[in-house]
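Input: a single structure, listed below in structure tokens.
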Amino acid sequence: MAAPADRQTLLSYLDDYVLHKNDKMFVQRQGLRLVGSSYRELVNVARRIARELEVRGVNPGDRVLLCGANSSEWIAAFWGCLLRGAVVAPLDQQSTIEFVLSVQKQTAAKLAFVDSDIKIFQQVAVPVLAVESLPAITAGHSDGPYQAVEISRDTLAEIVFTSGTTSTPKGVMLTHGNLLANLLPIEKEILKYQKWRRLVHPLRFLVLVPLSHVFGQLMAIFVPQLLGGEVHFDDTLNPAEIVRRIRQQRISIVVLVPRMLESLRDWLLRNSEAQDLEKSIRKATGQKFLRRWWKFRRVHREFGWKFWAFLSGGATLDNETEEFWHKLGFAVLQGYGMTETAALVSVTHPFRGRRGSIGKPLPGYELKLDESGEIVVRGPGVSSGYWLTRNGSERVNNWLRTGDVGTFDAQGNLYFKGREKDVIVTAAGLNVYPED
């Protein structure tokens with residue numbers, strides 16, 4: 001496998017996948033069944049998709065829309081575009097027709113990969129291929145190594161568009177180098193713990209965050225594979241079904257947004273002796289991990305003995321919810337960032353995290369607070385700008401203004417205080433943040 005220092009593009013990860021051969025990579029629901037696919041299958045389909053793009057006249061630098069539910073086929077399409085040198089424009093499957101038309105007008109995409117049950121693309125002037133049918137559509141192509149075009153760290157990999165609810169969607173340009181800036185520090189840290197991998201292998205991730213978001217991509221396409229892990233997809237929002245899936249499939253880590261973590265907490269309280277559980281949780285303050293784990297062993301049995309951590313991102317996690325799960329004996333990890341920083345700026349360490357913190361800055365990033373306490377950041381993961389405009393008003397002297405207010409502790413851990421625009425100024429001139 002390639003060493004982190006040797007990686008120049010994202011395609012080096014795809015080369016590593018070949019080494020895992022028939023190890024299971026993805027598990028997803030098809031009808032009433034759970035269907036698995038291997039690392040080898042993902043690579044083979046991606047190579048065939050790259051050849052299909054070539055046959056259809058999609059050239060390096062051309063844009064391709066990608067819209068659908070989380071699936072191995074979605075990820076194969078993503079990799080096929082990167083192999084061909086095409087630029088992916090991922091869209092949420094709940095996107096409105098107005099949003100899609102705006103993105104298509106800006107990108108002039110030559111092709112769209114779309115789930116067959118998403119009908120709004122019938123109104124968009126672009127050829128469409130069904131995502132779930134890509135393995136069959138490309139079956140006639142060779143799945144041998146594909147000779148990729150000249151690709152470097154500066155090559156554009158994807159354009160991720162903002163929601164555009166109040167204005168024209170803005171497309172954040174992310175290069176291979178932007179994404180590598182976040183992945184390489186994580187990979188280096190993971191290598192320190194590789195000797196313990198056999199004790200937990202296979203490490204299974206249940207990803208409940210959409211692949212149209214960069215955070216979802218990092219936690220479904222890249223990070224689990226650094227551990228030779230399995231990625232499980234499920235589109236349910238039912239907490240009981242999520243817990244059942246965690247237990248039955250022996251999931252180790254769940255990737256989700258804070259709202260879902262709060263829903264799981266509420267479900268657990270509703271389906272247990274709520275007063276007794278809450279009283280026990282209050283008494284658990286200050287107790288050692290093993291004692292807390294034993295005290296709440298019934299909860300751990302409910303989730304399955306292999307499950308140990310939640311990874312939360314995409315929004316702010318309130319301290320009360322984090323503390324609830326911590327006292328039960330589960331790890332809660334957080335990532336902080338924005339699309340303009342390829343999803344991550346800081347992340348909590350699974351074994352050295354500080355509760356309430358959103359972690360320390362990733363190596364290569366510079367973070368500071370301006371005079372108002374706003375977090376500003378610069379580094380190799382920061383996007384060069386927005387599609388067509390090539391710049392952004394949020395940048396001042398290469399520093400990206402996040403719009404978030406934070407503080408640092410003496411150890412360099414970052415704490416989120418709130419959005420700058422949400423600040424309440426009292427009659428005495430005191431700034432108060434709703435989160436406080």
Side-chain angles (χ1 to χ4, degrees), residues 9-11 49-50 53 58-68 74-75 77-114 118 120-121 124-129 131 148-149 151-165 167-183 209-218 220-222 314 337-344 380-395 400:
T9 76
L10 297 172
L11 295 178
I49 290 173
L53 291 171
V58 177
N59 297 314
D62 288 341
R63 277 72 62 194
V64 175
L65 305 182
L66 179 51
C67 183
W74 193 106
I75 294 173
F78 180 91
W79 279 115
C81 289
L82 295 194
L83 275 172
R84 180 59 185 150
V87 181
V88 181
L91 301 173
D92 190 272
Q93 59 179 329
Q94 304 299 327
S95 298
T96 64
I97 181 59
E98 292 79 14
F99 181 81
V100 174
L101 288 172
S102 178
V103 171
Q104 170 59 9
K105 181 179 179 180
Q106 292 187 57
T107 61
K110 283 193 173 182
L111 186 68
F113 294 126
V114 183
I118 300 176
I120 61 173
F121 279 81
V124 184
V126 61
V128 173
L129 292 180
V131 174
V149 297
I151 293 174
S152 70
R153 282 177 175 259
D154 295 328
T155 301
L156 192 59
E158 61 179 323
I159 307 170
V160 183
F161 282 84
T162 61
S163 62
T165 52
S167 61
T168 302
K170 292 189 298 183
V172 179
M173 299 186 297
L174 296 177
T175 64
H176 284 251
N178 291 146
L179 292 162
L180 281 174
N182 289 342
L183 289 167
V209 181
L211 291 170
S212 54
H213 297 179
V214 186
F215 176 62
Q217 293 171 19
L218 291 181
I221 302 178
F222 299 104
M338 51 200 302
T339 304
E340 285 84 348
T341 63
L344 289 178
V382 176
S383 166
S384 62
Y386 300 108
W387 180 250
L388 299 182
T389 64
R390 305 287 171 172
N391 56 45
S393 59
E394 296 86 352
R395 292 164 180 76
L400 175 69

Nearest heavy-atom neighbours spanning Val100 and Val124: CG1-CG2, 3.7 Å
Separation between CE of Met173 and OG of Ser384, rounded to the nearest 0.5 Å: 3.5 Å
Test item: side-chain donor near acceptor, Asp92 and Ser95, under 3.5 Å: no
Val87 versus Gly61, closest heavy-atom pair with distance: CG2-O, 3.9 Å
Side chain to side chain contact (heavy atoms under 4.5 Å, CB included) assessment of Ile120 paired with Thr96: CA-CA 8 Å; Ile120 61 173; Thr96 64; over 6 Å; no
Any donor-acceptor pair under 3.5 Å from Thr107 side chain to Arg63 backbone: no
Closest non-hydrogen atom pair between Leu211 and Trp74, with its separation: O-CH2, 3.4 Å
Inter-residue atom distance Gln104.CD - Phe121.CZ, 0.5 Å rounding: 8.5 Å
Positive for side chain to side chain contact (heavy atoms under 4.5 Å, CB included) with Arg153, one of Thr9, Leu180, Leu179, Leu10: Leu180
Closest non-hydrogen atom pair between Ser102 and Pro169, with its separation: OG-CD, 3.2 Å
Distance (rounded to the nearest 0.5 Å) between Asn178 CG and Glu340 CD: 11.0 Å
From Trp387 atom CH2 to Leu174 atom CG, the distance as rounded to the nearest 0.5 Å: 12.5 Å
Straight-line distance of Phe113 CZ to Cys67 SG, nearest 0.5 Å: 13.0 Å
Whether Arg84 side chain and Val58 backbone form a donor-acceptor pair below 3.5 Å: yes
From CD1 (Ile159) to OG1 (Thr339), nearest 0.5 Å: 13.5 Å
Asn182 side chain to Thr341 backbone, donor-acceptor under 3.5 Å: yes
Test item: Gln93 side-chain N/O and Ser212 main-chain N/O as donor-acceptor pair under 3.5 Å: no
Minimal non-hydrogen separation, Ile49 against Gly80, with atom names: CG2-CA, 4.0 Å
Partners passing ring-ring contact (aromatic ring centres under 6.0 Å, His included) against Phe222 (at least two apart in sequence or in another chain): Tyr13, Trp79
Worked check of side chain to side chain contact (heavy atoms under 4.5 Å, CB included) between Val214 and Val160: CA-CA 8 Å; Val214 186; Val160 183; 3.8 Å; yes
Test item: Val126 and Lys110 side chains (from C-beta on) under 4.5 Å apart, heavy atoms: no
